[in-house]
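To keep things clear, I will list the structure first and then write my remarks on it.
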Amino acid sequence: MTSLPSSVDVAIIGAGAAGLGAANALKNSGLSVIVLEARDRVGGRAYTIMASPDVTFDVGCGWLHSADENSFVKIAEQFGFEINRSLPPWRERAHGKAFPQAERDDFMRALNAFYDRAEVAAAEVAKNGHDCAASLYLEPGNRWNPMIDAISTYVNGCELDQVSVLDMDAYEDTDINWRIRRGYGALIAAYGAACPLALNCAVTLIDHSDNRVRIETSRGTLTADKVIITVPTSLIADEAIRFHPPLPQKVDAARGLPLGLADKVTLAVDEPEALPVEGNLRAATMRTEMGTYHIRPFGQPCIEGFFGGRFAQCLEDAGPGALAATSIDEIVSILGNDFRRKLKPLAESRWAHDPFARGSYSHALPGHAGDRAVLAAPVDGRLFFAGEATSPEFFTTAHGARDSGERAAEEVLAALTKR
């Protein structure tokens, strides 16, 4: 869209999965709708690139988590996107001898025991109301605790000392995980292609002091009857987008749901046929500061690395290329020095340094599990909130975001029928 309308029925802020979910849900409503997006593309934290002519890379989300309940599966089928339904590589597809099967089995026992203790604790917490950090349920002295914490950095974007045990237990995972051959980001871009968009349009102020809501953007001002806000919690918490009158409850809720950090890198591999397709590479490092590696996803000549939490933040802060350099060093430490010459950096993410994300996905701080519902609640029948952080059970996921956008759209329509 080349020009910004001066007035619409519904303005949607953010063209990530949540905003596009809301826009698609309102498509046949008869309402005038515009999606305001600060970036020059749709998708938000979903973004697929061609890292090289023969490597497709999801810079952001890449897995159809809980695929048997994931609303993007049906959308992928409708758009003709091929889905890889084979097992994910992180459990059964270990490569190399750095993490022997007996050790992996021992680790999985420790990990499952931790989750069992946390589940029991969450049930107790739900009764007494005293939420606490999930790290309290690590077994004291267990040698696998640092690696269990590393798993948390991949799942939650942060270490367990920053995670509400109640919120961690609320997350639903069916353990069915699929991938999209052309990329999850590419699918979400296709899903949003027909939506009414204003790109390069950063919102700075939402003034709801009058009958109509006035929205100030980098491309001018417009008014709307209803506004759906789908931006990451970081932008609300940092007040990059301001509300007038202020909404301190929303800002406080966003601060209780900060974005953790998960970063990815892809490396080209020479002589890839020597490596297994869809393999998993991880060492028994006994430390939290470690990566996990996906070998030849879809058979491509590459290795994807994944880092989370404070370690990912340190690598981002070290500057561009640090994730790739660390990945190469760690892979070489597992597979041997001869492997160094076979690896070449292609692309990496730096989500903490992305001004319109400032992180990867939300986690509830201890004591703040209830903030998801607070953030999701409408204000005065005119302001509505969506995004993965508002999902009660599928937070951190693209489908949780999309479904929340659809929920917010339904709230808009319900509010209009009450007039």
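This structure is a prediction, so every number in the text was calculated from the model and none was measured.
Classification of Glu119 and Arg117 as a salt-bridged pair fails, no side-chain N sitting under 4.0 Å from a carboxylate O. A salt bridge does not link Lys74 with Glu69: none of the charged nitrogens is closer than 4.0 Å to a carboxylate oxygen. Between Asp354 and Arg45 there is no salt bridge, since no side-chain nitrogen of the basic residue lies less than 4.0 Å from a carboxylate oxygen of the acidic one. A salt bridge between Asp371 and Arg255 is absent, with no side-chain N of the basic residue lying under 4.0 Å from a carboxylate O of the acidic one. Salt bridge annotation for Arg85-Glu278: absent, with no cationic side-chain nitrogen under 4.0 angstrom from a carboxylate oxygen. Arg310 has a carboxylate O that lies under 4.0 Å from a charged side-chain N of Glu159, or vice versa, which qualifies the two as a salt bridge. Salt bridge absent: Lys27 and Glu406 never bring a charged side-chain N and a carboxylate O closer than 4.0 Å. The pair Asp207-Arg242 does not meet the salt-bridge criterion, since no charged nitrogen lies less than 4.0 angstrom from a carboxylate oxygen. Salt-bridge formation is detected for the pair Arg358/Asp238: a Lys NZ or Arg NE/NH1/NH2 atom is positioned less than 4.0 Å from an Asp or Glu carboxylate oxygen.
For Asp105, the CG atom is densely surrounded, since the number of other residues' heavy atoms within 6.0 Å is greater than 12. By the neighbour-count criterion of 12 heavy atoms within 6.0 Å, atom CG of Asp68 is densely surrounded, having more than that number from other residues, nucleotides or ligands. Heavy atoms from other residues, nucleotides or ligands lying under 6.0 Å from CD of Gln249 number 12 at most.
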What verdict does the side-chain hydrogen bond (donor to acceptor under 3.5 Å, both in side chains) test give for Thr292 and Arg282, after you've listed the backbone C-alpha separation in whole Å, the side-chain angles of each residue and the deciding distance to 0.1 Å? CA-CA 5 Å; Thr292 185; Arg282 187 190 298 163; 3.2 Å; yes
task: Apply side-chain contact (heavy atoms from CB on, under 4.5 Å) to Ile206 and Ile241, showing your working.
output: CA-CA 7 Å; Ile206 300 170; Ile241 296 176; 3.8 Å; yes
Can you list the steps and then say if Leu281 with Ile334 is a side-chain contact (heavy atoms from CB on, under 4.5 Å)? CA-CA 8 Å; Leu281 187 65; Ile334 298 170; 3.6 Å; yes
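Looking at Phe394, Tyr184, Phe72, Trp63 one by one, the single match for ring pair (Phe, Tyr, Trp, His ring centres under 6.0 Å) with His399 turns out to be Phe394. Screening Asn156, Asp167, Thr390 for a side chain to side chain contact (heavy atoms under 4.5 Å, CB included) with Phe395, the sole residue that qualifies is Asp167.
Counted by atom type alone, Trp144 and Asp106 present one or more donor-acceptor pairs between their side chains at under 3.5 Å. Side-chain contact, Thr397 with Arg402: no donor N or O sits under 3.5 Å from an acceptor N or O.
Of the possible polar contacts, one joining the Asn70 side chain to the His65 backbone as a donor-acceptor pair under 3.5 Å is found. Side chain of Ser404 to main chain of Gly387: a donor-acceptor pair is present (N/O by atom type, distance under 3.5 Å, no hydrogens or angles). Judged purely by atom type and a 3.5 angstrom limit, Thr233 uses its side chain to pair as donor or acceptor with the backbone of Leu257. Between the side chain of Arg39 and the main chain of Arg41, no donor-acceptor pair closer than 3.5 Å is present. Of the possible donor and acceptor atoms, none in the side chain of Glu304 sits under 3.5 Å from a partner among the backbone N and O of Thr266. Using modelled atom types, no side-chain atom of Asp380 and backbone atom of Arg382 make a donor-acceptor pair closer than 3.5 Å. Put simply, the side chain of Glu348 gets close to the backbone of Ala324: a donor and an acceptor are under 3.5 Å apart. With hydrogens and angles ignored, the 3.5 Å screen pairs no side-chain donor or acceptor of Asp58 with any backbone N or O of Ala46. Although no hydrogens or angles enter the test, the distance criterion places no donor-acceptor pair under 3.5 Å between the side chain of Glu411 and the main chain of Pro378. Within the 3.5 Å criterion, the main-chain N or O of Gly60 finds a donor-acceptor partner in the side chain of Lys264.
With sequence neighbours excluded, the residues forming a side chain to side chain contact (heavy atoms under 4.5 Å, CB included) with Lys342 are Asp270, Glu271, Phe339, listed by chain and number.
At least one test fails for Lys250 against the ring of Phe243: distance under 6.0 Å to the centre or angle within 45° of the axis.
Note: Phe114 and Tyr137 fail the aromatic proximity criterion, with ring centroids not under 6.0 Å apart.
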